[in-house]
Student: 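I'd like to ask some things about the structure below.
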Amino acid sequence: MALRMWASSTANALRISTTNNIIAPSFSISRCFSTVIDGLKYASSHEWVKHEGSVATVGITDHAQDHLGEVVFVDLPDIGGSVSQGSSFGAVESVKATSDINCPISGEIVEVNTKLSETPGLINSSPYEDGWMIKVKPSSPSELESLMGSKEYTKFCEEEDSH
């Protein structure tokens with residue numbers, strides 16, 4: 001009661017209305033507070049793909065790294081190996097768990113982010129930039145069509161988190 005009286009008198013002093021009228025914000029607030037970037041494609045296993053020219057960059061999403069917690073070790077494949085859509089190509093070990101990383105697209109591995117060996121925390125601090133994992137030359141670029149866009153992925157995360 002005293003807190004309400006203090007708030008009311010403070011509001012009056014500041015000339016802030018204390019009526020119960022609520023004004024709806026002019027933007028939508030998502031329950032999924034993780035960053036989702038337009039222009040990327042997303043797998044239901046929480047990996048992202050950025051397809052540029054003949055190369056697709058792959059990493060785990062902000063949502064995934066947030067659920068994993070602090071990443072302490074990353075196991076990545078060698079350059080020249082091949083990956084298949086939906087199959088594991090490595091693992092991420094965090095303070096909470098070890099999780100397989102699945103490739104959202106099939107192809108040949110043309111580059112591996114070697115910085116992650118010494119600084120695995122880049123996955124936490126920069127999942128879409130410095131924390132990328134592998135670059136793949138896609139063998140079937142049409143596989144990208146089966147992945148989610150940013151709006152679909154945001155909705156997917158919200159539904160997943162509500163369970």
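The first residue in the sequence is number 1, and the count goes up from there. Since this is a predicted model, take the numbers as computed values, not measurements.
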Student: Taking the side chain as C-beta and beyond, is there a heavy-atom pair between Ser99 and Ile60 under 4.5 Å?
Tutor: no
Student: Over 60° means perpendicular and under 30° means parallel, so classify the ring planes of Tyr153 and Tyr42, tilted if in between.
Tutor: parallel
Student: Please determine whether the number of non-hydrogen atoms from other residues, nucleotides or ligands lying under 6.0 Å from atom CD of Glu108 exceeds 12.
Tutor: yes
Student: Are Val58 and Met133 close enough, and set up right, to give a side-chain contact (heavy atoms from CB on, under 4.5 Å), and what steps lead you there?
Tutor: CA-CA 6 Å; Val58 176; Met133 296 180 167; 5.6 Å; no
Student: Would you mind reporting whether Thr57 and Trp48 have side-chain heavy atoms less than 4.5 Å apart?
Tutor: yes
Student: Of all the heavy-atom pairs spanning Ile123 and Gln65, show the shortest one and how long it is.
Tutor: O-CG, 3.6 Å
Student: Could you state the interatomic distance from OG (Ser54) to NZ (Lys135), rounded to the nearest 0.5 Å?
Tutor: 11.0 Å
Student: So, for Ala56 and His51, which heavy atoms are closest and what is the spacing to 0.1 Å?
Tutor: CB-CD2, 4.0 Å
Student: Given Asn124, which of Leu68, Asp66, Val71 fulfils the side-chain contact (heavy atoms from CB on, under 4.5 Å) condition?
Tutor: Val71
Student: Is it true that Gln85 and Ser140 share a donor-acceptor pair across their side chains at a distance under 3.5 Å?
Tutor: no
Student: Restricting to non-hydrogen atoms, name the atom on Asp130 and the atom on Leu116 that form the minimum distance, rounded to 0.1 Å.
Tutor: O-CD2, 4.3 Å
Student: If you look only at pairs with a residue in residues 71-104, which of them pass as a ring pair (Phe, Tyr, Trp, His ring centres under 6.0 Å), with sequence neighbours excluded?
Tutor: none
Student: Would you say the side chain of Ile105 lies within less than 4.5 Å of the side chain of Leu144, judging by non-hydrogen atoms?
Tutor: yes
Student: Measure the shortest side-chain to side-chain distance between Glu143 and Pro104 over non-hydrogen atoms and say whether it is less than 4.5 angstrom.
Tutor: no
Student: Run the side-chain contact (heavy atoms from CB on, under 4.5 Å) test on His67 and Asp161 for me, step by step, so that the C-alpha distance in whole Å, both residues' side-chain angles and the decisive distance to 0.1 Å come before the verdict.
Tutor: CA-CA 10 Å; His67 281 272; Asp161 287 348; 3.4 Å; yes
Student: Taking all heavy atoms of Thr35 and all of Tyr128, pick out the closest pair and write down the distance.
Tutor: O-OH, 2.7 Å
Student: Could you tell me which non-hydrogen atom of Pro120 sits nearest to which non-hydrogen atom of Val72, and how far apart they are?
Tutor: CG-O, 3.4 Å
Student: For the residue pair Asp78 and Val112, what are the closest heavy atoms and their distance?
Tutor: C-CG2, 4.3 Å
